[in-house]
Amino acid sequence: MITFDKTLETGNELIDGQHKELIARVNKLTDSLETGREKNVAIQTLDFLMDYTEFHFQAEEKLQEEKGYPEIEAHKAQHAAFVKAVGELKEMLEEEEGPSDAFVEAVNKNVVEWLKNHIQICDKKVADFVKA
């Protein structure tokens with residue numbers, strides 16, 4: 001569970017608004033795992049998360065291109081790694097009867113923790129660059 005608070009604010013209204021939606025979708029995913037729902041619920045929620053993730057990453061990358069952000073390629077690589085990790089989670093889930101403890105642990109590491117760290121470090125650097 002992620003709570004959008006001051007530590008996750010970038011100061012860029014567009015990015016912060018999209019992060020709130022992204023966090024809501026991540027929280028929906030973790031909620032679906034905690035209630036022990038069926039596999040198809042978790043898969044649908046993972047798809048729901050990925051749809052918005054792709055939209056958000058495109059918006060962030062477009063902003064970086066427009067502003068000439070010097071670390072754009074590294075940022076894009078991080079986005080690509082996240083998309084790959086979520087794809088691997090989906091494959092893992094499809095092969096299991098339902099969300100296992102290992103799957104829940106992988107979601108926490110590869111989605112929840114990754115997103116918090118990415119926002120607090122990488123996205124804040126982008127927002128600071130755009131402001132400057």
Side-chain angles (χ1 to χ4, degrees):
M1 179 78 154
I2 304 174
T3 303
F4 188 88
D5 58 20
K6 293 270 184 218
T7 67
L8 296 176
E9 284 181 8
T10 65
N12 181 295
E13 203 172 308
L14 173 73
I15 292 174
D16 285 343
Q18 289 182 4
H19 283 165
K20 286 177 187 173
E21 176 63 25
L22 195 53
I23 287 167
R25 292 183 186 221
V26 167
N27 288 340
K28 185 170 179 162
L29 174 63
T30 57
D31 286 347
S32 77
L33 301 177
E34 287 170 14
T35 56
R37 293 205 183 130
E38 294 178 21
K39 177 167 86 170
N40 65 341
V41 173
I43 289 173
Q44 287 171 346
T45 311
L46 213 47
D47 287 341
F48 177 69
L49 168 64
M50 271 318 295
D51 286 345
Y52 196 79
T53 299
E54 288 172 13
F55 164 77
H56 169 64
F57 286 172
Q58 286 172 359
E60 265 191 11
E61 290 169 11
K62 183 174 182 241
L63 176 66
Q64 291 173 35
E65 284 169 8
E66 288 171 355
K67 300 297 182 181
Y69 183 61
E71 296 177 39
I72 188 170
E73 291 309 317
H75 203 108
K76 281 183 176 182
Q78 284 211 349
H79 286 171
F82 180 80
V83 170
K84 182 175 183 253
V86 173
E88 288 169 357
L89 284 171
K90 187 176 176 188
E91 285 175 21
M92 180 182 182
L93 183 59
E94 287 170 345
E95 291 170 6
E96 296 177 356
E97 294 294 314
S100 65
D101 289 345
F103 178 80
V104 173
E105 191 177 309
V107 166
N108 283 325
K109 179 180 174 236
N110 297 323
V111 176
V112 176
E113 291 306 317
W114 184 94
L115 187 60
K116 285 196 292 193
N117 290 335
H118 182 75
I119 292 171
Q120 290 172 332
I121 298 166
C122 301
D123 289 347
K124 283 189 176 189
K125 277 173 72 174
V126 172
D128 289 345
F129 178 83
V130 169
K131 274 189 260 182

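Quick caveat: nothing in here was measured; it's all calculated off a predicted structure. Side chains are part of it too, since the values below use all heavy atoms of this structure and drop only hydrogens, waters and symmetry mates.
Atom CD1 of Ile119 is separated from atom CD1 of Ile15 by 10.0 Å, given to the nearest 0.5 angstrom. Rounding to the nearest 0.5 Å gives a distance of 13.5 Å between CG of Leu49 and CD of Gln44. To the nearest 0.5 Å, atom CD of residue Glu91 and atom CD of residue Glu96 are 12.0 Å apart. Here the NZ atom belonging to Lys90 is positioned 12.5 Å from the CD atom belonging to Glu95, to the nearest 0.5 angstrom. Interatomic distance, CG of Leu115 versus CG of Asn110, reported as 12.0 Å (0.5 Å rounding). Note: Lys125 NZ to Glu71 CD = 3.5 Å, rounded to the nearest 0.5 Å.
Judged by distance alone, the side chain of Lys124 and the main-chain N or O of Thr7 form a donor-acceptor pair under 3.5 Å. In this structure, Asp16 contributes its side chain and Thr10 its backbone to a donor-acceptor pair below 3.5 Å.
Between Lys76 and Glu73, the closest side-chain pair of non-hydrogen atoms falls below 4.5 Å.
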Side chain to side chain contact (heavy atoms under 4.5 Å, CB included) assessment of Val130 paired with Asn12:
CA-CA 8 Å; Val130 169; Asn12 181 295; 4.3 Å; yes
Checking side chain to side chain contact (heavy atoms under 4.5 Å, CB included) for the pair Glu9/Phe4: CA distance, chi angles, key distance, verdict?
CA-CA 8 Å; Glu9 284 181 8; Phe4 188 88; 3.7 Å; yes
Start with the C-alpha distance between His19 and Glu60, add both sets of side-chain angles, then the distance that settles side chain to side chain contact (heavy atoms under 4.5 Å, CB included), and finish with yes or no.
CA-CA 11 Å; His19 283 165; Glu60 265 191 11; 3.2 Å; yes
Does Phe48 form a side chain to side chain contact (heavy atoms under 4.5 Å, CB included) with Lys28? I'd like the steps, not just the answer.
CA-CA 9 Å; Phe48 177 69; Lys28 185 170 179 162; 4.0 Å; yes
Applying side chain to side chain donor-acceptor pair (under 3.5 Å), run through Thr3 and Asp5 and close with a yes or a no.
CA-CA 6 Å; Thr3 303; Asp5 58 20; over 6 Å; no
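In this structure, Ile23 is not a member of the same hydrophobic cluster as Leu14, with clusters built from ILVMFWY side-chain heavy atoms closer than 4.5 Å. The hydrophobic cluster containing Phe82 also contains Leu8, counting ILVMFWY residues as joined when their side-chain heavy atoms lie under 4.5 angstrom apart, directly or transitively. Linking ILVMFWY residues whenever their side-chain heavy atoms come closer than 4.5 Å, directly or via other members, places Val112 and Ile43 in the same cluster.
The aromatic rings of His79 and His56 are tilted relative to each other, their planes meeting at an angle between 30° and 60°. Taking the six-membered ring where the residue is Trp, Tyr52 and Phe55 present tilted rings, their angle falling between 30° and 60°.
The nearest pair of heavy atoms linking Cys122 to Tyr69 is O-OH, 4.4 Å. Residues Leu46 and Phe103 share a closest heavy-atom pair of CD2-CZ, 4.3 Å. The two residues Ser32 and Ala42 have their closest heavy-atom pair at OG-CA, 4.0 Å.
Ionic pairing of Glu113 and Lys116 is present here: one or more N-O contacts between side-chain nitrogen and carboxylate oxygen are shorter than 4.0 angstrom. In summary, Lys131 and Asp128 engage in a salt bridge, as defined by a charged side-chain N under 4.0 Å from a carboxylate O.
Within a 6.0 Å sphere centred on CD of Glu66, heavy atoms belonging to other residues, nucleotides or ligands number more than 12.
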